[in-house]
Novice: 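One structure, as structure tokens, below. Some questions next.
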Amino acid sequence: MKTYLISLMSADGPPPDDLDVSQVMGDLELVNADIRAAGGWVFAGGLADTASATTLRPGRGREAVLTDGPFVEVKEHLGGISVVKSNDYDQVIGWARRIHAATGLPIEVRPFMGDGDPGMPATE
Amino acid sequence: MSRAPEPDVTSTAIAAVFREEHGRAVSVLIRALGDIELAEDAVQEAFAVAVERWPTDGLPPSPAGWLITTARNRAIDRLRREGSRTQRHTDALLLYAQHDEAPPREEGPVRDDRLRLIFTCCHPALGRPAQVALTLRLLGGLTTAEIARAFLVPEATMAQRVVRAKNKIRDTGIPYRVPHDSDLPERLAAVLAVIYLVFTEGHRATSGDTLVRTDLCAEAIRLARVLAELMPDEPEVTGLLALLLLTDARRATRTDTSGQLVLLADQPRERWDLRLIAEGHALVRESLRRNAPGPYQIQAAINAVHADALTFAETDWRQVVALYDQLLAIAPTDVVRLNRAVAVAEVEGPAVGLSLVDALQLRDAAAWHVARADLLRRLGATSESVAAYDAAIGLTASGPERHFLLARRNALPRVD
């Protein structure tokens, strides 16, 4: 069993006027229900606006320096994540395809290191 | 040391067997070990043993079975030596070994895992260059150096490409299996595209090492044959094999003795490979009988029409146009429209052809200017033809093609 991070990349600024947010959330919930039913559910959530981010950068020694704002200022940022587990990569890609279809957003799928549950101490 | 009188297996023969059986052996070992790197190493070790033994012992009855058994035994030894860190692999291997019903000493024709391997190598999560490199490496048994040479990239670049692809397969857990039916059309299209790309790369008249590039054509045909053997019910697989054979049948006549390109119209047809044409024809008929036409089958059928004509003038151009119409229905691209327009010019004359060509938005493609140049020449519009050749030459990087276009342009009557 591997665990994967599915990242949803959002554009900066308010959502387009013609976007039916409740439709998107409804479609996403359908995908999430299937992920749960398949035993793949770990966690998912949307992130608040990048303006609310605080970044800690290396300062002197290990003393962090806080800055107001996201790590990088770009036109597209991490808008939400879904963490899923599966022993079938094609199944994960299938979920990601559906998340893309529901949101129209660029999606990144990336495995966590190693096998098993990344939240637990290594067993090997 | 006594030398057996009969065997006499040369190292060339062993290398040929190894190349032939590499895909089969690696694909079985990957399933047994669950790891591409381990499988490759094990097969490499088995090859080293073969080089040592076969010259005196002779070829085993089933070289593939021998290589697989030897590789598996080596892998088991190695995993046992390396201990519990790889317990998982050892367990998998021993479990597999128990369930395997093949005789213990030497396996006969084993279940064919090459299909799994080719779908894994061509998984859409890998980029096309990585798919091509992995397929040639794992199924074709080409070395990284050979692949690098064939694609004119530095060996280090190719090595890195192969390693990154293998790591991605491992880290993401790309499954080692033939895709489910619902995914098959899309996944098969990627496999066919990879094989076709290997062929066209070998077939392209660029200035690379000719010999190596001919190898790429041969390798693509070999891969297409394996795929056709493993998926006999997929008409597009049959279509691709037919397309490659019918194209390859003309290879000897595509360039003249000085390496210059020769147009289809001017190729000495008596030197086309009749054996390949006959096989290609049979495959085209077989695939079309299934009544599920796809782009490879139709392109093969177009090539079959050309192969049928004893002379260029005898070509059944109406049939070619009809086939391009079919192809357009499936693949409505401007490149297909351009090829269709050229065929239409043979039926309805260059003026009609030119009007179709001019309607296409392909000003960045050399082929568009070449088609215009030729049609304009036939219409007697010499200065416009010269301009079109110049535009085509400006867009052509390959040496032989440039030479060819320059010669065509210079053969036009002088404009005063």
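Order of the sequence lines sets the chain letters (A, B, ...), proteins ahead of strands, with each chain counted from 1.
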Novice: Minimum heavy-atom separation for A:Tyr89 and B:Pro175, please, with both atom names.
Specialist: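 So the minimum-distance heavy-atom pair works out to CB-CD, 3.8 Å.
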Novice: Let me know if B:Arg177 has heavy atoms under 4.5 Å from chain A in its side chain, its backbone, both or neither.
Specialist: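 Just its side chain gets close to chain A.
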Novice: I'd like to know whether CZ of B:Arg170 has more than 12 heavy-atom contacts from other residues, nucleotides or ligands below 6.0 angstrom.
Specialist: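 Yes - once you tally the heavy atoms of other residues, nucleotides and ligands closer than 6.0 Å, there are more than 12.
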Novice: Taking CG in A:Asp68 as the centre, count heavy atoms belonging to other residues, nucleotides or ligands within less than 6.0 Å. Is the count above 12?
Specialist: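 No, not enclosed.
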Novice: Between B:Asp171 and A:Lys2, does at least one N-O distance fall below 4.0 Å, as a salt bridge requires?
Specialist: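 No, no charged N to carboxylate O under 4.0 Å.
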Novice: Looking at B:Lys166, I want to see if its NZ is surrounded by more than 12 non-hydrogen atoms of other residues, nucleotides or ligands under 6.0 Å.
Specialist: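 Enclosed.
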Novice: For atom CZ of B:Arg164, decide whether the heavy atoms of other residues, nucleotides or ligands shown that lie under 6.0 angstrom number more than 12.
Specialist: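 Open: at most 12 neighbouring heavy atoms sit under 6.0 Å from CZ of B:Arg164.
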Novice: Does the side chain of A:Asp90 reach to within under 4.5 Å of the side chain of B:His180, using non-hydrogen atoms?
Specialist: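 Side chain of A:Asp90 against side chain of B:His180, heavy atoms only: no contact under 4.5 Å found.
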Novice: Check the surroundings of atom CZ in A:Arg60: do more than 12 heavy atoms from other residues, nucleotides or ligands lie under 6.0 Å from it?
Specialist: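 No, the 6.0 Å shell around CZ holds no more than 12 heavy atoms from other groups.
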Novice: Starting at CG of B:Asp183, measure out to CD1 of A:Ile93 and round the result to the nearest 0.5 Å.
Specialist: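 That separation rounds to 10.5 Å.
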